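Beneath this line is the structure, given in structure tokens, with notes to follow.
What you see below is based on every heavy atom in this structure, not just the backbone, and it leaves out hydrogens, waters and symmetry mates. Owing to the predicted nature of the structure, the values given are computational and were not obtained by experimental measurement.
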Amino acid sequence: MTGMAAASEAAKRTDPRGLVVMALTALLRGGIPALAGIAGTGTLALGLLVVGPILAAILAVSMAVAWLSWSKLTYTTGADSIRVEKGLLSRHARAVPYERIQDVSLEQKLLPRIFGLAEVKFETGAGGKDELSLAYLSLEEAERLRELVRERKRQTARAGDTAPDPVEVEQQAASAPVLFAMDNRRIATFGLFEFSLVIFAVLLGAAQQLDFLLPFNPWDWDEWAAFASNHRHDFDWIGATGRLGAALAVLVGVLAIAGIGLLTGIARTFAREYGFTLERTSKGFRRRRGLFTRTDVVMPVHRVQALRLATGIVRHRFGWQGLEFVSLASDQKNASHAVAPFARTDEIAAVVREAGFHLPGAETNWQRPSPAYWIDKALLLTVPVGVLAVAAALFGYPLVAVGLGLLGAVEAIVQHQHWKHDRNAFDEEQVFVRRGWLAPHLDLASRIKVQSVEIVQGPLARRRGYATLRFGIAGGRLALPGIPFARAQEVSDAVLDSAAAIDFSALPR
């Protein structure tokens with residue numbers, strides 16, 4: 001055996017324990033229809049007698065189909081590609097070259113995680129339309145397959161090389177330095193800023209889907225009116241206490257909703273961020289997180305195209321920010337990977353340095369967009385509102401006129417604040433774009449990784465002497481709106497000169 005040919009492996013099947021996971025998943029999915037069927041029969045015994053055999057037959061057929069599908073699905077790691085074959089009546093084979101695979105990530109939902117299984121996802125950068133996945137493999141096999149695919153991708157296999165040892169991979173991961181982590185206290189604090197009322201949407205959706213199980217129709221307003229009439233004496237104490245009691249009742253209601261929103265935000269944040277750890281391994285940045293669904297993503301350093309520092313209106317006042325990597329791979333149908341979602345500036349700076357970037361310093365030459373850009377934008381929004389306000393006043397609607405006038409004034413103030421706070425800059429290595437004033441965010445892009453530069457001018461912009469500069473980067477677009485045309489040309493020429501000086505074929509793959 002010599003060269004890459006020696007690295008070919010025999011066809012393998014996924015882990016048979018995945019059949020148990022599929023069976024339990026099918027059982028859970030069939031639980032709600034089964035309950036509906038039992039409720040429809042009127043009695044528990046009759047419901048079990050009627051629905052039980054039907055549910056068992058459906059489960060048996062599902063398991064038989066799942067077993068046949070599992071027995072016909074194989075994967076092979078060849079010299080140049082990974083090949084997956086599947087199909088019962090008609091065979092379907094698909095081979096994905098290693099060079100097309102941007103990254104390999106592991107995902108463990110709750111049930112597979114209990115059985116020590118993981119789903120391996122091969123990200124091809126096709127936005128979810130052309131991705132390849134294998135479900136389910138043992139965690140050890142998933143780790144080994146991920147490392148093997150990465151080694152094949154780098155084309156570093158030599159004569160006599162063997163597949164990576166899972167134990168060695170785990171030892172390397174254990175010794176990797178931790179760049180950023182969040183303990184439970186940090187996650188709980190993060191959750192306080194993630195206020196959410198999604199629980200009410202969930203309850204309304206459940207009531208709409210399962211209203212047949214309720215003893216009343218929740219969408220019949222006459223029933224609610226009758227309920228309120230029958231129980232009106234239960235609330236007489238509010239009237240007896242006067243306006244103060246009514247105000248206290250409203251306050252209690254508002255506080256209850258706020259408490260539910262805070263608890264929901266904390267719960268969602270814990271489910272998403274539990275055990276958040278970012279490590280710097282020899283392969284790149286490794287991020288693991290999740291309570292019910294555990295994800296394990298590795299981002300090679302050279303694939304980080306840009307960075308984004310973002311915050312919120314409230315958390316900004318407390319000094320909390322979030323850092324995302326914009327890379328060639330995708331994360332939840334998105335090109336950004338959250339690598340420090342709730343961190344202080346010094347924690348973010350350490351991660352930024354490891355990624356080969358740097359934050360702007362005191363010497364950074366920040367520039368504002370053209371004043372003409374913001375004036376034109378404010379006028380285009382406020383003049384129509386002003387015309388409508390005058391028309392409302394002439395036709396005898398003074399309150400409407402006052403409301404529209406206030407709306408125009410607020411918009412003018414907002415545009416003025418954007419002009420004061422929005423900035424852009426560039427140095428020898430990076431382009432910086434800072435936007436927003438209530439919840440500011442900062443974008444950093446590497447000049448040598450910019451794929452295209454576009455200067456856009458509309459008719460008004462040409463007359464007023466400004467333009468929008470757009471940088472094409474893998475996974476997104478970075479824009480500098482409304483900058484003077486001369487500066488747009490200067491930045492464009494500088495960035496293109498940096499990118500043209502690099503031989504991208506010599507960069508690591």
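A ring-ring contact (aromatic ring centres under 6.0 Å, His included) with Tyr466 is found for exactly one of Tyr373, Phe485, Trp374, namely Tyr373. Residue Asp296 forms a side-chain hydrogen bond (donor to acceptor under 3.5 Å, both in side chains) with just one option from Arg288, Arg287, Arg146, and that option is Arg146.
One distance of note links CG of Asp443 with CZ of Arg308; it measures 4.0 Å at 0.5 Å rounding. Leu255 CG to Leu262 CG: the interatomic distance, rounded to the nearest 0.5 Å, is 10.5 Å. A distance of 8.0 Å separates CG of Leu145 from NZ of Lys12, quoted to the nearest 0.5 Å. Here the OG1 atom belonging to Thr364 is positioned 12.5 Å from the CZ atom belonging to Arg423, to the nearest 0.5 angstrom. The line from CG of Leu148 to OG1 of Thr77 is 5.0 Å long, rounded to the nearest 0.5 Å. Distance CD/Glu354 to CG/Leu278: 9.5 Å, rounded to 0.5 Å.
Taking a 6.0 Å sphere around OH of Tyr274, one finds it holds 12 or fewer heavy atoms contributed by other residues, nucleotides or ligands. Annotation: Arg344, atom CZ; neighbour count of heavy atoms from other residues, nucleotides and ligands within 6.0 Å is above 12. No more than 12 heavy atoms of other residues, nucleotides or ligands lie within 6.0 Å of CZ in Arg185, so this atom counts as exposed by the packing criterion. The neighbour count for Arg268 CZ, taken as heavy atoms of other residues, nucleotides or ligands under 6.0 Å away, does not exceed 12. Summarising the local packing, CZ of Arg434 is surrounded by more than 12 heavy atoms from other residues, nucleotides or ligands at distances under 6.0 Å.
His337 is not listed as a side-chain neighbour of Glu324, based on a closest heavy-atom distance of 4.5 Å or more. Using a 4.5 Å cut-off on side-chain heavy atoms (C-beta onward), Phe342 and Phe193 make contact. The closest side-chain heavy-atom distance from Arg17 to Met22 is not below 4.5 Å. Here the side chains of Val491 and Phe471 are in contact, with some heavy-atom distance below 4.5 Å. Residues Val431 and Val495 form a side-chain contact, since some pair of their non-hydrogen atoms from C-beta on lies under 4.5 Å apart. Put simply, the side chain of Ile455 reaches to within 4.5 Å of the side chain of Ser492, judged on heavy atoms. A heavy-atom distance below 4.5 Å is not found between the side chains of Leu137 and Leu117. Two residues are said to be in side-chain contact when any heavy atoms from C-beta on lie closer than 4.5 Å; Leu307 and Val304 meet this criterion.
Contact detail for Ala445 and Ala306: the closest heavy-atom pair is CA-CB, 4.1 Å. Considering all non-hydrogen atoms of both residues, Arg462 and Gln457 come closest at NH1-O, 3.3 Å. Minimum interatomic distance between Leu444 and Phe432 (heavy atoms only, all atoms of both residues): CD2-CE2, 3.7 Å. Of all heavy-atom pairs spanning Ile473 and Gln451, the tightest one is C-OE1, 4.3 Å. Closest non-hydrogen pair, Val104 versus Phe122, comes out as CG2-CD2, 3.8 Å. Across Ala439 and Gly312, no two heavy atoms sit closer than the pair CB-C, 3.8 Å.
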Let me have the donor-acceptor pairs involving side chains of residues 409-421, under 3.5 Å, with sequence neighbours excluded, atom names and distances please.
from   : atom 1 : to     : atom 2 : distance (Å)
Glu411 : OE2    : Gln415 : NE2    : 2.5
His421 : ND1    : Gln417 : O      : 2.8

**Request:** Any chance you could lay out the side chain to side chain contact (heavy atoms under 4.5 Å, CB included) test for Arg368 and Asp422, step after step, and finish with the verdict?
**Result:** CA-CA 6 Å; Arg368 283 195 179 106; Asp422 287 9; over 6 Å; no
**Request:** For the pair Phe270 and Asn184, evaluate side chain to side chain contact (heavy atoms under 4.5 Å, CB included) and give the outcome as yes or no after the intermediate values.
**Result:** CA-CA 8 Å; Phe270 258 101; Asn184 291 342; 3.7 Å; yes
**Request:** Tell me, with the steps shown, if Ile348 and Gln321 meet side chain to side chain contact (heavy atoms under 4.5 Å, CB included).
**Result:** CA-CA 8 Å; Ile348 288 176; Gln321 297 186 81; 3.6 Å; yes
**Item:** Val433/Leu442 under side chain to side chain contact (heavy atoms under 4.5 Å, CB included): CA gap, chis, key distance, verdict
**Value:** CA-CA 6 Å; Val433 180; Leu442 173 66; 5.9 Å; no
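Between the side chain of Lys109 and the backbone N or O of Ala118, no donor-acceptor pair lies under 3.5 Å. A donor-acceptor pair is defined here as one N or O able to donate and one able to accept, closer than 3.5 Å; no such pair exists between the side chain of Ser81 and the backbone of Arg83. Between the side chain of Glu85 and the main chain of His92, no donor-acceptor pair closer than 3.5 Å is present.
Not a single side chain to side chain donor-acceptor pair (under 3.5 Å) links Arg13 to another residue, sequence neighbours left out. Shown here are the salt bridge (charged side-chain N to carboxylate O under 4.0 Å, His left out) partners of Asp376, two or more places apart in sequence or in another chain: Arg464. Considering only residues two or more places apart in sequence or on other chains, Thr468 meets the side chain to side chain donor-acceptor pair (under 3.5 Å) condition with none of them. Residues forming a side chain to side chain donor-acceptor pair (under 3.5 Å) with Glu347 (at least two apart in sequence, or on another chain): Arg186. Under the rule for a salt bridge (charged side-chain N to carboxylate O under 4.0 Å, His left out), Arg113 has no partner lying at least two apart in sequence or in another chain.
For the pair Arg280 and Phe285, the distance from NZ or CZ to the six-membered ring centre is under 6.0 Å and the angle to the ring normal is within 45 degrees.
Judged purely by distance below 3.5 Å, without hydrogens or angles, the side chains of Gln108 and Thr293 never pair a donor atom with an acceptor atom. Side chains of Asn424 and Arg487: a donor on one and an acceptor on the other come within 3.5 Å. Using modelled atom types and a 3.5 Å distance limit, the side chains of Trp320 and Thr311 yield no donor-acceptor pair.
Ion pairing between a basic and an acidic side chain is recognised when a charged N comes within 4.0 Å of a carboxylate O; Arg315 and Glu194 show such pairing. Electrostatic pairing of Glu429 and Arg447 does not count as a salt bridge here, judged by no charged N lying under 4.0 Å from a carboxylate O.
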